[in-house]
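All remarks here apply to the structure that follows.
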Amino acid sequence: MLDLKYIKENAEAVKANIAARFMTADVDEVIRLYDRRNALITETDELRRRRNENAKSMKGKLEPEERQKLIDEGKGLKEAIAAGESETAKVKEALEEKAIRIPNMAHPDVPVGKEDKNNTEISRSDEPTKFDFKPKDHVKLAENLDLIDFETGAKVSGSKFYFLKNEAVLLDLALTRYAMDILGKHGFTLTITPDIAREEIAAGIGFVPRGDESNIYTLEGTGTCLVGTAEITLGGYYAGDIINLDDGPILMAGLSHCFRREAGAAGQYSKGLYRVHQFTKIEMFVYSKAEDSDELLVKLKEIEEEIFNGLGIPFRVVDTCTGDLGAPAYRKFDLEAWMPGRGERGDWGEVTSASNCTDYQSRRLGIRYREDGKTRHVHTLNGTAVAISRAIIAVLENGQREDGSIAVPEALVPYCGFSEIPAKG
RNA sequence: GGAGAGAUGCGAGAGUGGUUGAAUCGGGCGGACUCGAAAUCCGUUGUGCCGGUUUCCGGCACCCAGGGUUCGAAUCCCUGUCUCUCCGCCA
């Protein structure tokens, strides 16, 4: 969430930002509740001060009637404090509920626009892969080569579940090791995180654990949910802590399974592995000082480029527009890989996403660092190293040959142990 | 899942219902001594919120969390969470 004092002092800018993101949130109501809360705190603190004074004056020996008088006075104060506290709690709750609807401010360079078509392409690794035959999509390729079984996935678990099979399994594991090696080289602490997190941690990261719009599976009666990304668990890692950033930012990499409800998502562009309920992802997460986060976002983007360049998959990088930013993001760069089987003639499809969330997540999670004797909220950044399912789409579709076999990117060969998936039958 | 023990500041660790935001030791920081260092000695050292005359001052809250008892709770009661030990189950 945003700093309440900041909202009050910059109400017009906050409103303009909400409008630019095509979101709705009631800034005036937040300010009204904030003022009301502060007035109540001041009042109740004064009552508590009088209670403390009253209690202190009763420590020594007193005449019985004098003591009784003080006790009666204390009883009165006690009631007034209880009333003040319950009113404050009510206002605080209402304030919090309204305030979390206000999105993070956006970087001044973020393109303004409503949908992903307003994203700005800022670079391109290469032109789309050329074929001298009509390329197939990954669903067809995987079916021909017996790599992914969607039908049995649906029977056993429901639609949008799948079994990876045969070489696809080894490809999955190879991509994992490949990415982890690169992240280790860049100084990330490697982790495999829990796949379940407490709901308040997920909420602190900016996910909505409950309700119709939620993309999260909750675990009934436990107060926990399945994670949609390791961003949740890695962001929760230092929740409530004051961390030391004097020796540089903290770089974490986490492998987790990711679970998403994806209610209502369907159609050509979501087919096959592109949008599924469960996949494996390796996520980068960074805790940094405020002044370093812009630079680190570029670094995350560059690591993503390194990973996909290494796979030889053409991609472009887009600067995500205001309407397409998630609420916690201040700026976001996406890598979109060329997917020859996407749409009619092939298309770019999102494979990674790197966001600078500034102090939006850390404020709610209570993660701070010290600087010049003061504590400040850390900046948090997250970026996809590899979302395995989408990377597999790109590998299969770009590596396909006319005879039905698939060339495996050279960088993966040492990890998976084969350089091609041979045509079958 | 069952039984028991515990949770206090940066760490270890005291704590009688009322001068306890918290003894003591250690760590950190500042200083003295020293050519320098060690040792020693002295001082200092939490977080959040509200208000103000805003490099500071005042107030409030915080001893795992949430409730309760009381004029007054780190201290008494209840619930939850987590940790440890033992048993059971399990990969």
Side-chain angles (χ1 to χ4, degrees), chain A residues 1-9 30-100 192-204 209 218-225 232-233 236-247 250 257 287 290 359-378:
Chain A
M1 63 190 288
L2 283 180
D3 180 29
L4 294 168
K5 196 174 281 175
Y6 177 88
I7 293 171
K8 186 179 173 181
E9 287 166 1
V30 167
I31 293 171
R32 193 188 69 78
L33 288 166
Y34 177 58
D35 287 340
R36 174 86 182 118
R37 182 199 73 159
N38 289 353
L40 280 166
I41 287 175
T42 305
E43 273 171 44
T44 313
D45 276 0
E46 171 60 17
L47 290 170
R48 276 195 274 251
R49 189 192 63 74
R50 284 165 57 193
R51 177 198 61 194
N52 293 345
E53 200 175 61
N54 173 273
K56 206 176 268 183
S57 70
M58 240 180 293
K59 266 185 310 200
K61 280 188 178 166
L62 289 170
E63 294 299 317
E65 58 267 33
E66 180 70 9
R67 177 169 289 271
Q68 192 53 50
K69 204 183 125 201
L70 288 169
I71 287 175
D72 290 342
E73 201 182 306
K75 282 186 177 171
L77 284 168
K78 187 168 130 171
E79 273 174 42
I81 290 166
E85 280 174 347
S86 78
E87 182 64 15
T88 308
K90 243 189 281 176
V91 172
K92 266 186 180 165
E93 195 182 325
L95 172 60
E96 163 120 341
E97 194 193 313
K98 299 283 181 191
I100 58 174
I192 295 177
T193 86
D195 290 334
I196 290 174
R198 296 180 186 280
E199 284 179 34
E200 57 268 29
I201 298 285
T218 52
L219 298 170
E220 203 50 52
T222 64
T224 60
C225 55
I232 294 172
T233 39
Y237 196 93
Y238 288 110
D241 293 350
I242 297 176
I243 57 180
N244 180 4
L245 295 177
D246 290 338
D247 304 324
I250 294 176
H257 298 105
Y287 297 90
D359 57 0
Y360 193 87
Q361 296 175 323
S362 68
R363 183 165 295 107
R364 190 133 168 230
L365 290 169
I367 309 172
R368 289 154 298 158
Y369 67 104
R370 273 183 234 277
E371 190 157 68
D372 303 326
K374 290 193 172 159
T375 57
R376 296 185 67 180
H377 286 100
V378 304

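Letters A, B, ... are given to chains in the order of the sequence lines, protein chains preceding strands, and every chain is numbered from 1.
The side chain to side chain contact (heavy atoms under 4.5 Å, CB included) check on A/D247 picks up A/N244, with sequence neighbours excluded. For A/S362, there are no side chain to side chain donor-acceptor pair (under 3.5 Å) partners at least two apart in sequence or on another chain. Qualifying side chain to side chain donor-acceptor pair (under 3.5 Å) partners for A/D359, counting only residues two or more places apart in sequence or in other chains: A/R363. In terms of the side chain to side chain donor-acceptor pair (under 3.5 Å) criterion, residue partners of A/Q68 (sequence neighbours excluded) are, by chain and number, A/D72. In terms of the side chain to side chain donor-acceptor pair (under 3.5 Å) criterion, A/R370 has no residue partners (sequence neighbours excluded). Residues meeting the ring-ring contact (aromatic ring centres under 6.0 Å, His included) test with A/Y238, sequence neighbours left out: A/Y287. For A/K8, the side chain to side chain contact (heavy atoms under 4.5 Å, CB included) partners at least two apart in sequence or on another chain are A/I31, A/Y34, A/D35.
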Could you list the protein-to-nucleotides 74-81 of chain B atom pairs, N/O on both sides, closer than 3.5 Å?
none

Please list, pair by pair, any protein nitrogen or oxygen found under 3.5 Å from a nitrogen or oxygen in nucleotides 44-51 of chain B.
from	atom 1	to	atom 2	distance (Å)
B/U47	OP1	A/R370	NH1	2.6
B/U47	O3'	A/R368	NH1	2.9
B/U47	O2'	A/R368	NH1	3.4
B/G48	OP1	A/R368	NH1	3.2
B/G48	OP1	A/T375	OG1	2.3
B/C50	OP1	A/Y34	OH	3.4
B/C50	OP1	A/R37	NH2	3.1
B/C50	O2'	A/T42	OG1	2.4

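Separating the NZ atom of A/K374 from the C1' atom of B/C56 is a distance of 11 Å, rounded to the nearest angstrom. Rounded to an integer number of Å, the gap from A/R49 CZ to B/C60 P is 7 Å. For the pair A/R51 CZ and B/C71 C1', the computed distance is 10 Å after rounding to whole Å. Distance CZ (A/R67) to C1' (B/G18): 10 Å, rounded to an integer number of Å. Atoms CG (A/N52) and P (B/U70) sit 18 Å apart, rounded to a whole Å. Between the CD atom of A/E53 and the C1' atom of B/U19 there is a distance of 15 Å, rounded to whole Å.
Using C1' as the reference atom, B/G2 and B/A22 are 38 Å apart when rounded to the nearest Å. Atom C1' of B/G15 sits at a distance of 14 Å from the matching atom of B/G9, rounded to the whole Å. Across B/U45 and B/G21, the matching C1' atoms stand 13 Å from one another, rounded to whole Å. The same atom, C1', is picked in B/A73 and in B/G68; the two are 12 Å apart, to the nearest Å. Comparing B/A7 with B/C62, their C1' atoms are spaced 16 Å from each other, to the whole Å. Between B/G36 and B/U24, the two P atoms lie 32 Å apart (nearest whole Å). For the C1' atoms, the distance from B/G67 to B/C57 is 36 Å, rounded to whole Å. To the nearest whole angstrom, the two C1' atoms, one in B/G51 and one in B/U44, are 28 Å apart.
Here the side chain of A/Y369 pairs a donor or acceptor atom with the backbone of A/A290 at under 3.5 angstrom.
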Dot-bracket pairing map - RNA chain B, Watson-Crick plus G-U, both contacts under 3.5 Å, | cross-strand: ((((((((.[[[..)..(.....]]]((((((.......))))))(((((((...))))))).[[[[[..)....]]]]])))))))....

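In the displayed structure, A/E220 atom CD is contacted under 6.0 Å by at most 12 heavy atoms of other residues, nucleotides or ligands. A/E93 CD: 12 or fewer foreign heavy atoms inside a 6.0 Å radius. Around CD1 of A/I41, the count of heavy atoms belonging to other residues, nucleotides or ligands within 6.0 Å exceeds 12.
If you check residues 73-84 of chain A against RNA chain B, the residues with a heavy atom closer than 4.0 Å are A/G74, A/K75, A/K78, listed by number.
Summarising the geometry of A/I367 relative to A/I243, their closest heavy-atom pair is CG2-CD1, 4.1 Å, with the distance given to 0.1 Å.
Taking CG from A/L95 and CE from A/M1, the interatomic distance works out to 6.5 Å, rounded to the nearest 0.5 Å.
A/D72 comes within 4.0 angstrom of no nucleic acid atom, judged by non-hydrogen atoms across all strands.
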In residues 79-92 of chain A, what donor-acceptor pairs under 3.5 Å come from side-chain atoms, sequence neighbours left out?
from	atom 1	to	atom 2	distance (Å)
A/E85	OE2	A/R48	NH1	2.6
A/S86	OG	A/A83	O	3.3
A/T88	OG1	A/G84	O	2.7

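A residue-by-residue look at A/R48 and A/N54 shows that A/R48 has its nearest nucleotide of RNA chain B further toward the 5' end.
A salt bridge links A/E46 with A/R49: at least one charged nitrogen is closer than 4.0 Å to a carboxylate oxygen.
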